[in-house]
Amino acid sequence: MAKEFKRVITYGTFDLLHYGHISLLKRAKELGDYLIVALSTDEFNSKMKNKYCYFNYEQRKNLLQAIRYVDLVIPEETWEQKNTDVKEFKIDTFVIGDDWKGKFDFLMEQGVEVVYLPRTPEISTTQIKSELKNGGCLKL
Ligand code: C2G
């Protein structure tokens with residue numbers, strides 16, 4: 001019996017790309033055969049997530065496309081698009097860090113497996129920014 005080709009999707013801002021992001025993407029890809037990243041646009045970040053990125057959408061997209069685990073990058077422009085994305089891209093599994101635990105369980109109603117993966121501790125874009133502001137390298 002041919003192995004089913006599994007499609008995985010995840011969403012995020014991925015600013016100041018760091019090893020916590022890479023770990024999430026690696027583990028997401030391990031859950032299937034094809035990984036789509038819905039990357040928050042600059043407008044979605046500022047209007048809906050109150051996030052102001054160091055790198056703009058195109059720069060963040062280029063960084064993600066250089067990662068071996070990532071097969072496709074699409075824009076994330078609304079909270080609601082997840083419902084249509086999973087249909088349009090025939091998604092089998094939705095993955096995100098467990099800081100969102102429970103928030104996207106509604107996708108299960110569309111037959112999508114929802115997986116919350118443990119975040120990588122000690123690293124965050126916010127922390128990187130504040131450490132650098134204090135003039136130091138990242139001291140863990
Ligand atoms: N992440 C992680 N460990 C960290 C930091 C981030 O596992 N130390 C994960 C997050 O849980 C998320 C992904 O990396 O799954 C991207 O992180 P963010 O860019 O902070 O994503 P976020 O702003 O939470 O966007 O619609 C969903 C949102 O767009 C998610």
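Everything numeric in this text was worked out from a predicted model, so none of it was measured. Throughout, residue positions are numbered sequentially from 1 according to the sequence presented.
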Heavy-atom count check: over 12 atoms from other residues, nucleotides or ligands less than 6.0 Å from [X] [atom1]?
{"X": "E30", "atom1": "CD", "result": "yes"}
{"X": "K101", "atom1": "NZ", "result": "no"}
{"X": "K26", "atom1": "NZ", "result": "no"}
{"X": "Y54", "atom1": "OH", "result": "no"}

Nearest 0.5 Å, please: how far is [atom2] in [Y] from [atom1] in [X]?
{"X": "Q110", "Y": "T84", "atom1": "CD", "atom2": "OG1", "answer": "8.5 Å"}
{"X": "N45", "Y": "E43", "atom1": "CG", "atom2": "CD", "answer": "10.5 Å"}
{"X": "D105", "Y": "M108", "atom1": "CG", "atom2": "CE", "answer": "3.5 Å"}
{"X": "E88", "Y": "N83", "atom1": "CD", "atom2": "CG", "answer": "12.5 Å"}

Could you tell me whether the side chain of [X] and the main chain of [Y] form a donor-acceptor pair under 3.5 Å?
{"X": "Q65", "Y": "L72", "value": "no"}
{"X": "Q81", "Y": "T78", "value": "yes"}
{"X": "S130", "Y": "Q127", "value": "yes"}
{"X": "Y116", "Y": "F104", "value": "yes"}
{"X": "T10", "Y": "V95", "value": "yes"}
{"X": "R27", "Y": "L117", "value": "no"}
{"X": "R60", "Y": "F14", "value": "no"}

| said: So that I can tick it off, tell me whether D99 and R119 are bridged by a salt bridge, with the cut-off set at under 4.0 angstrom between side-chain N and carboxylate O. | reply: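 Looking at R119 and D99, the cut-off is met.
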| query | Any Lys/Arg nitrogen of K29 or D71 sitting under 4.0 Å from an Asp/Glu carboxylate oxygen of the other? | reply |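 Salt bridge present between K29 and D71.
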Side-chain touch [X]/[Y], heavy atoms, less than 4.5 angstrom:
{"X": "I128", "Y": "I123", "value": "yes"}
{"X": "I36", "Y": "I91", "value": "yes"}
{"X": "V73", "Y": "Y57", "value": "yes"}
{"X": "Q59", "Y": "N62", "value": "no"}

Identify the heavy atoms of [X] and [Y] that sit nearest to each other, and give their distance.
{"X": "V8", "Y": "A28", "answer": "CG1-O, 3.7 Å"}
{"X": "C53", "Y": "T13", "answer": "SG-CG2, 3.4 Å"}
{"X": "T41", "Y": "P75", "answer": "CG2-CB, 3.7 Å"}

| query | Passes side-chain contact (heavy atoms from CB on, under 4.5 Å), L17 versus I67? Steps please. | reply | CA-CA 11 Å; L17 200 62; I67 299 170; 3.7 Å; yes
Going hydrophobic residue to hydrophobic residue with side-chain gaps under 4.5 angstrom, can you get from [X] over to [Y]?
{"X": "I74", "Y": "L63", "value": "no"}
{"X": "L39", "Y": "V70", "value": "yes"}
{"X": "L35", "Y": "V115", "value": "yes"}
{"X": "F5", "Y": "V37", "value": "no"}
{"X": "L24", "Y": "F55", "value": "yes"}

| task | Please assess T93 against V112 for the test side-chain contact (heavy atoms from CB on, under 4.5 Å), listing each intermediate value before the final yes or no. | result | CA-CA 5 Å; T93 304; V112 175; 5.6 Å; no
| task | Would you sort out whether L25 and L64 count as a side-chain contact (heavy atoms from CB on, under 4.5 Å), showing the intermediate values? | result | CA-CA 10 Å; L25 295 169; L64 283 175; 3.8 Å; yes
Could you check whether [Y] and [X], counting side-chain N and O atoms only, form a donor-acceptor pair closer than 3.5 Å?
{"X": "D92", "Y": "Y34", "answer": "no"}
{"X": "T125", "Y": "D15", "answer": "no"}
{"X": "D42", "Y": "Y52", "answer": "no"}

| message | Test ring pair (Phe, Tyr, Trp, His ring centres under 6.0 Å) on Y11 and F94; report intermediate values, then the result. | response | CA-CA 9 Å; Y11 293 71; F94 167 91; 5.8 Å; yes
| field | Residue among E76, E77, K51 satisfying side chain to side chain donor-acceptor pair (under 3.5 Å) with S40 | value |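 Of all the options given, the one that passes is E76.
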| task | Please test K129 against L16 for side-chain contact (heavy atoms from CB on, under 4.5 Å), starting from the C-alpha separation and ending with a verdict. | result | CA-CA 9 Å; K129 287 179 178 175; L16 292 184; 3.8 Å; yes
| task | With K49 as the cation and F44 as the aromatic partner, state whether NZ or CZ is under 6.0 Å from the six-membered ring centre and within 45° of the axis. | result |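 No, cation not above the ring by the 6.0 Å, 45° rule.
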